[in-house]
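These numbers were taken from a predicted model, which means no experiment stands behind them.
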Amino acid sequence: MGRVPPAAGLRSPEGDLLGPRENAGRHRPRRVAMLSVHTSPLHQPGTGDAGGMNVYIVELAKRLAALGVAVEIFTRTTSAALPPRVELAPGVLVRHVDAGPYEGLAKDDLPARLCAFAHGVTQAWAGERPGHYDLVHSHYWLSGHVGRLTAERWGVPLVHAMHTMAKVKNAGLADGDTPEPAARVAGEAEVVRAAHRLIANTEKEAGELLHHYDADPGRVAVVHPGVDLERFWPDARGADAGRVAARSRLGLPRDALIPLFVGRIQPLKAPDVLLRAVARLLQERPGLRERLVVPVVGGPSGSGLTRPEGLQKLAARLGVSDVVLFRPPVGQDRLADWYRAASVLVVPSHSESFGLVAVEAQACGTPVIAAEVGGLPVAVRDGVSGVLVPGHDPAHYARALSAFADDPARSARMSEAAVRHARSFGWAATAAATAEVYTAALRGHRLHRVP
Ligand code: UDP
């Protein structure tokens, strides 16, 4: 597990001993086929199946292209209006593949369409020069299956990122949430066995790959996701001035306590825990009602498709509808203003592979209250840039919120620390580390083939 050792002593196909620098050059891919079957990098994140993985793929691809690695992202055509190819950025192409009806297919229907998708990718490849792709990088287990087939057919290595894992999700299900099916668990295990390299977001996720899926530790590398620091930044005049300005732009009261929720509305993200915590806080401190606003930014997703309504009903039942603002998903520039305006971001998820929203909010100078699950203890420095809460008892979240209401000096300290912590993440670093994983995968793959 971890970083791959340097390639001293490696031989070329002609039998010459290669130095490490020469190796790296030889083993840096020129063009990568990236696979994202179930969700497109062109979709608006924060609703449906579009979330952190979409942001991850777009940002990684752009930064890889800047390093000289061209990226072609294959995704399923979901509308007749989509052209076969869209240039997302210089060196980054999105290619639409027909696989099943354009509209009306849910993610759960896609395993039956994977054959058609793999066929479409292979056809697209057949139209290119031989050796067009040096490596396949698949995201999420559905793409992993297509990756397995295409990488083998093209004689190139497969690098895979799970993003989420069924066994981990099932271990942390919200009450009443549907468990991930056994077919997904089996499918993930097959992809783990087939991949030449696996990329995990955190050490914890790497451990889960080993523990739950029996991954080969020598094939697992940890690469932290990043944050776009040119988009998510604190106001130069300081967090307080920035908060006032952002509140005015969003039409929010200047002096309110604003705990913000950002993300897809689904049981796994537990927005209900925040609403219950708010209800509890107001029970204990009714005086806060006058200065409390709780924005919930995001759209319905998966089994949460009926949830926005469900969540609105819950807010009404809890008697907090007057303080909760439901807002549809927004572009990231607008989202940066919601982060700046907030007193604290609340991420009460039951399971979270990393939690990009937590780092984005911190980059804007906003501390985070997060559940102590998955990658969130890496994304948030407990007691420094925010607060980690074990479990999902609303009373504990209410207590954490109360502290933000009472102690502005502590909030200001956390805000500064949050900016510093977020700056330790960046997509350029993610891309550089990913390129190293590619190099290791190519090196291992070619070594294998050199007699
Ligand atoms: N997001 C967005 N607009 C919204 C809500 C969310 O662009 O209205 C983005 C957000 O900036 C973040 C991503 O969606 O980059 C969510 O990623 P995260 O890792 O927090 O959750 P995931 O969706 O992967 O479960």
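- Summarising the geometry of Asn201 relative to Pro225, their closest heavy-atom pair is OD1-CG, 3.4 Å, with the distance given to 0.1 Å.
- In terms of heavy-atom proximity, Gly365 sits nearest to Arg243 at O-NH2, 4.3 Å.
- The backbone N or O of Leu35 sits less than 3.5 Å from a side-chain atom of Ser143, completing a donor-acceptor pair.
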message: One pair to check against side-chain hydrogen bond (donor to acceptor under 3.5 Å, both in side chains): Thr164 and Arg184. What are the steps and the verdict?
response: CA-CA 11 Å; Thr164 62; Arg184 174 175 171 189; 2.9 Å; yes
message: Test side chain to side chain contact (heavy atoms under 4.5 Å, CB included) on Val37 and Thr75; report intermediate values, then the result.
response: CA-CA 5 Å; Val37 174; Thr75 189; over 6 Å; no
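- Side-chain atoms of Arg247 come within 3.5 Å of backbone atoms of Ala341 as a donor-acceptor pair (strictly under, hydrogens ignored).
- Checking side-chain atoms of Gln362 against main-chain N and O of Ala358 turns up a donor-acceptor pair under 3.5 Å.
- Evaluated for a side chain to side chain donor-acceptor pair (under 3.5 Å) with Tyr140, the options His38, His160, Lys107 yield exactly one hit, Lys107.
- Judged by distance alone, the side chain of His350 and the main-chain N or O of Leu268 form no donor-acceptor pair under 3.5 Å.
- When all heavy atoms of His145 and Gly187 are compared, the closest pair comes out as NE2-O, 3.2 Å.
- Other residues, nucleotides and ligands place more than 12 heavy atoms under 6.0 Å from the CZ atom of Arg113.
- Note: Leu173 CG to Thr178 OG1 = 8.0 Å, rounded to the nearest 0.5 Å.
- Residues Glu352 and Val347 have side chains in contact (heavy-atom distance under 4.5 Å, counting atoms from C-beta outward).
- Atom CG of Leu42 sits about 6.0 Å away from atom CG of Leu88, to the nearest 0.5 Å.
- Residues Asp322 and Arg289 are in side-chain contact: their nearest non-hydrogen atoms beyond the backbone lie under 4.5 Å apart.
- Annotation: cation-pi geometry not satisfied between Arg249 and Trp338 (NZ/CZ under 6.0 angstrom from ring centroid, within 45° of ring axis).
- Taking 4.5 Å as the limit, some side-chain heavy atom of Leu209 sits within range of a side-chain heavy atom of Met162.
- Checked by atom type and distance alone, the side chain of Asn170 pairs as donor or acceptor with a backbone atom of Glu180 at under 3.5 Å.
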- request: Please report the C-alpha distance between Ser321 and Gln312 in whole Å, then the side-chain angles of each, then the deciding distance to 0.1 Å, and finally whether the side chain to side chain contact (heavy atoms under 4.5 Å, CB included) criterion is met.
  value: CA-CA 7 Å; Ser321 298; Gln312 281 161 20; over 6 Å; no
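- The closest donor-acceptor contact from the side chain of Arg95 to the backbone of Ala33 lies at 3.5 Å or more, if one exists at all.
- In this structure, Glu87 places its CD atom where more than 12 heavy-atom neighbours from other residues, nucleotides or ligands lie under 6.0 Å away.
- For the residue pair Ser402 / Arg285, a side-chain donor-acceptor distance below 3.5 Å is found, with atom types taken as modelled.
- Between the Glu59 side chain and the Thr430 main chain, no donor and acceptor come within less than 3.5 Å of each other.
- The environment of NE2 in His212 is crowded: more than 12 heavy-atom neighbours from other residues, nucleotides or ligands sit within 6.0 Å.
- Counting only distance, with no hydrogens or angles, the side chain of Ser301 and the backbone of Asp49 share no donor-acceptor pair below 3.5 Å.
- For His137 and Tyr438, the ring centers sit closer than 6.0 Å to each other.
- Ring pair Tyr56/Trp427 is perpendicular by interplanar angle, where above 60° counts as perpendicular and below 30° as parallel.
- The two residues Arg76 and Ala99 come nearest to each other via the heavy atoms NH1-O, 2.9 Å.
- Electrostatic pairing of Arg193 and Asp214 does not count as a salt bridge here, judged by no charged N lying under 4.0 Å from a carboxylate O.
- Under the 4.5 Å side-chain criterion, counting only non-hydrogen atoms from C-beta, Met414 is not in contact with Ser411.
- Asp382 contributes a side-chain N or O that, together with a main-chain N or O of Leu388, makes up a donor-acceptor pair within less than 3.5 Å.
- The two residues Ala277 and Tyr397 make their nearest non-hydrogen contact at CB-CB, 3.6 Å.
- Val94 and His96 get closest at one heavy-atom pair: CG1-NE2, 3.9 Å.
- Checked for salt-bridge contact, Glu188 and Lys167 miss the test: no charged N lies under 4.0 Å from a carboxylate O.
- Side chain of Asp407 to backbone of Phe404: no donor-acceptor contact under 3.5 angstrom is found.
- Between Asp333 and Arg231 a salt bridge is recorded (basic side-chain N to carboxylate O distance below 4.0 Å).
- At least one side-chain heavy atom of Ile73 sits under 4.5 Å from a side-chain heavy atom of Val92.
- Between Arg413 and Ser385, the side chains place no donor N or O within less than 3.5 Å of an acceptor N or O (distance only, hydrogens not considered).
- Within the 4.5 Å cutoff, the side chain of Met53 has heavy atoms near those of the Ser36 side chain.
- Only one option out of Val273, Leu401, Val368, Val262 pairs with Val346 in a side-chain contact (heavy atoms from CB on, under 4.5 Å); it is Leu401.
- Between the side chains of Ser353 and His163, no donor N or O sits under 3.5 Å from an acceptor N or O.
- The distance from the NE2 atom of His392 to the CG atom of Asp175 is 11.0 Å, given to the nearest 0.5 Å.
- For the atom pair Leu158 CG and Ser138 OG, the distance stands at 4.5 Å (nearest 0.5 Å).
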task: Would you sort out whether Leu93 and Val86 count as a side chain to side chain contact (heavy atoms under 4.5 Å, CB included), showing the intermediate values?
output: CA-CA 6 Å; Leu93 200 63; Val86 177; over 6 Å; no
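- Partner of Val296 under the side-chain contact (heavy atoms from CB on, under 4.5 Å) criterion, chosen from Ile265, Leu325, Leu260: Ile265.
- Between Phe232 and Phe425, the ring center distance fails the sub-6.0 Å criterion.
- Residues Leu210 and Val220 form a side-chain contact, since some pair of their non-hydrogen atoms from C-beta on lies under 4.5 Å apart.
- Within the 4.5 Å cutoff, the side chain of Val71 has no heavy atoms near those of the Lys62 side chain.
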- request: Would you please test Arg276 and Leu314 for side chain to side chain contact (heavy atoms under 4.5 Å, CB included) and show each step?
  value: CA-CA 9 Å; Arg276 291 180 206 282; Leu314 178 68; 3.8 Å; yes
